[in-house]
Amino acid sequence: MPEVEYSTTMRLAPESVWEFVRDMNNWAPFLTGYQGHEIESDTDSVWTLKGDVGVLSRTVRLKAHVTEWNGPERVSFTLVGLDEVVEGGGTLTIGKPSELMAPARGPSLWRRFVDGIFRWLFRAMHGKGPRRLQTSRADAASQLTFKLRMDAGGPSGPLVNAMLAPALKPAAEDLANKIAAHLETLHGVG
Amino acid sequence: MFNRRKWDLETDFVAVGSGLGGLGAAIVAHDGGAKVLVLEKARKLGGICAYSGGEVFLPGNHLQAAAGIEDSREKGLEYLRFLGAGYEDRALQDNLVDAGVEAVRWFGERAGVRWKLIKDFPDYYYPTAPGSAAKGRYLEVELIRGDTLGEWKRKVFLSPHVPIGVTHDELFAWGGFTGIMGWDFAVLGQRITDDLRGFGPGMMAYFVKAALIDRKIPVQLDCAVRELIVDDGAVIGVRATQGGKDLVVRAKKGVLLATGGYDWHASLPKYYEQLPEWNSMCQPSVEGDGFTMGAEVGAAVAAVPANNLGLFFGYHIPGEEHEGKPLWRGSWDGGFPHAIWVNAAGERFADESFYRDYLPKVRAWDGVKQRQPNFPPYLIFDSNFREKYPLGRFLPSQDLPESLVQRAGSLRELAAKLGVDGAALEATVARFNAFARDGVDQDFGRGTYPWASMMTGDFKKGGNPNLGPLDKPPFYGLQLRVVSAGINAAGLKTNEHAQVLHVRGRAIGGLYAAGNAAAPLDTGAGYQSGLSNLRGLVGGWLAARHAVSRQP
């Protein structure tokens, strides 16, 4: 099952980040390939995204259901494809930067290289996201972590998962960075 | 005079286009001692071949002999003459086989292309056509790792139309297209993760590796050649645009137009293809550039009867795009059991499993009513089909979008939704169901051709692999649309050296055409899959060999 995690830090108090994140209307347009969304209730919404699956772009509709609404620290949600046999979920976590969140030993050189290639490809396909330098740990007041997993079901699941996997990491990175860039600009701390 | 022109670049041989014809020619010209440049309009390499099934159809190829399969040049040409039906240029057709055998062997030995035979895959018209063979004439490539392409790995087209990371033999062993539920998706997924490429993307990976990695042949992407530069009746260079700037390139020995056909040209399909609409499976960069530039310098244009081409019908699944344009998928579904095609009158009109049969019949013209009565065709299927077979990317029993497919509890209700004659559709289905029970399609002979059955039949069910009744509601239907595979009826007229001919009959010095940019006079009135790739390969091979021996 493709699953990714991306963290970024900001010079903002976690409460300020939560204030923004708690209303999904604020950040929905920052989702990769965002086409539109409809709020159905406090916990349910339908998202229309256009993303690359394998070698073509496909518009998909995903139903999001919030399973945990625990401000100012965490939002968890599940995703179910309305037209595709796909399900998944994710978590947006806001907290203070901690050693726990910054593993002492980073990913391998090879892993960073592979991730770098995917990021580069993603930008080549979708255009550049906001340019933003990572806040130094000394300045950081909060950390935003986005976890995302997607799992294609049915007999062709392994094939679809293989095609989905390269797109997830850049998508998670893009969302977290866009939220951070927007908030830092909004609060004049960028 | 043009020799005072300020050239941005000077080289010996320019290949316009990076498909099989363009890159093949670049490799041959390079090894012949020429300085070569490849100019590609798209942002990726590979052209239409990279979107294709990657088959090369070649009677008398060297792997047949090695596998102990009997064939001959004469037998192969007999079959090609049958396809040509008198519309072929025999010298050009001979070239396909003679130069093809030489070229395929050369690319294997010198350029590292790992050819393999597709096992037990018959000619289209086997066993009825003279010279047809049961097996041995189709080549494909062994799987190749994307990693071998280095920095070019992500700059080569992958196909949205064919499975990647698998060979024909594996696919047929897994159950073919009707047997998708038996495919080994875990293996396919792992191969995508490992970036193993077969079919057209695999073929082009070998040629990109040979040209760009092994030989360091320079290539410019996003570089559209707009004009041929002519001096004293001969082509001496090209003007291209890249990033809004002109790039003027001198080509001392020749320019090859390997630009593909004209699928995305605004009007050429209407003039040459005899159908009221045109949609394409190809990259949007296939706009007939070679056709236009050739005409500008006086090239002769030739066409064969439009039923020669690799045309399908199909559909666009809302929300699917490639290269910023709607993705059109070819439909093979009509030949699956429990499915038929009908016209608006509710009547079948062809063997739905064999596109060589239905294509000309869709085009048939009613001269009294002044219209094409079989256009558009409608695909009709039932719940037996839905439970067993895929429709495009929708697996059995997966919901079909209402924007694509109509659904109804009865055939008459379905017909009303589609705008088809309901009473006639009921009668047609009743007649077809009787054929299905008997295992013989008395009207159109579905299941006659082994090739068609391999592509669209279900061998696991027993009996005629292409017949199954439509007797389980709900019923489904959709109007099919023209979907071209980029193989057009018209192109630039060429001679036995792939030189482009002037309307006055002489060869235009320094100008060559290969593949779909050249008129398909070597195939004539018929077609057979793997011939387009062979035409590209042979055209490029001939052009490069002639050009390198030419004095500037």
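Convention: sequence-line order gives letters A, B, ...; per-chain numbering from 1.
- Taking the six-membered ring for Trp and the full ring otherwise, the centers of F381(B) and Y476(B) sit less than 6.0 Å from each other.
- When L395(B), D399(B), L400(B) are compared by the number of non-hydrogen pairs under 4.5 Å with chain A, L395(B) comes out ahead.
- Ranked by non-hydrogen atom pairs under 4.5 Å with chain A, the options R393(B), E323(B), E320(B) are led by R393(B).
- Residues L20(B) and F207(B) are in side-chain contact: their nearest non-hydrogen atoms beyond the backbone lie under 4.5 Å apart.
- Interface residue L158(B): backbone and side-chain heavy atoms are both found under 4.5 Å from chain A.
- Side-chain rings of F20(A) and H182(A) approach one another, their centers coming within less than 6.0 Å.
- Neither the backbone nor the side chain of R191(B) comes within contact range of chain A, judged by heavy atoms closer than 4.5 Å.
- Looking only at side-chain heavy atoms (C-beta outward), L188(B) and W174(B) come within less than 4.5 Å of each other.
- The contact between P160(B) and chain A is made by backbone and side chain atoms together, counting heavy-atom distances below 4.5 Å.
- With a threshold of 4.5 angstrom between heavy atoms, N161(A) does not approach chain B through any atom at all.
- For the residue pair T48(A) and Q35(A), no side-chain donor N or O sits within less than 3.5 Å of a side-chain acceptor on the partner.
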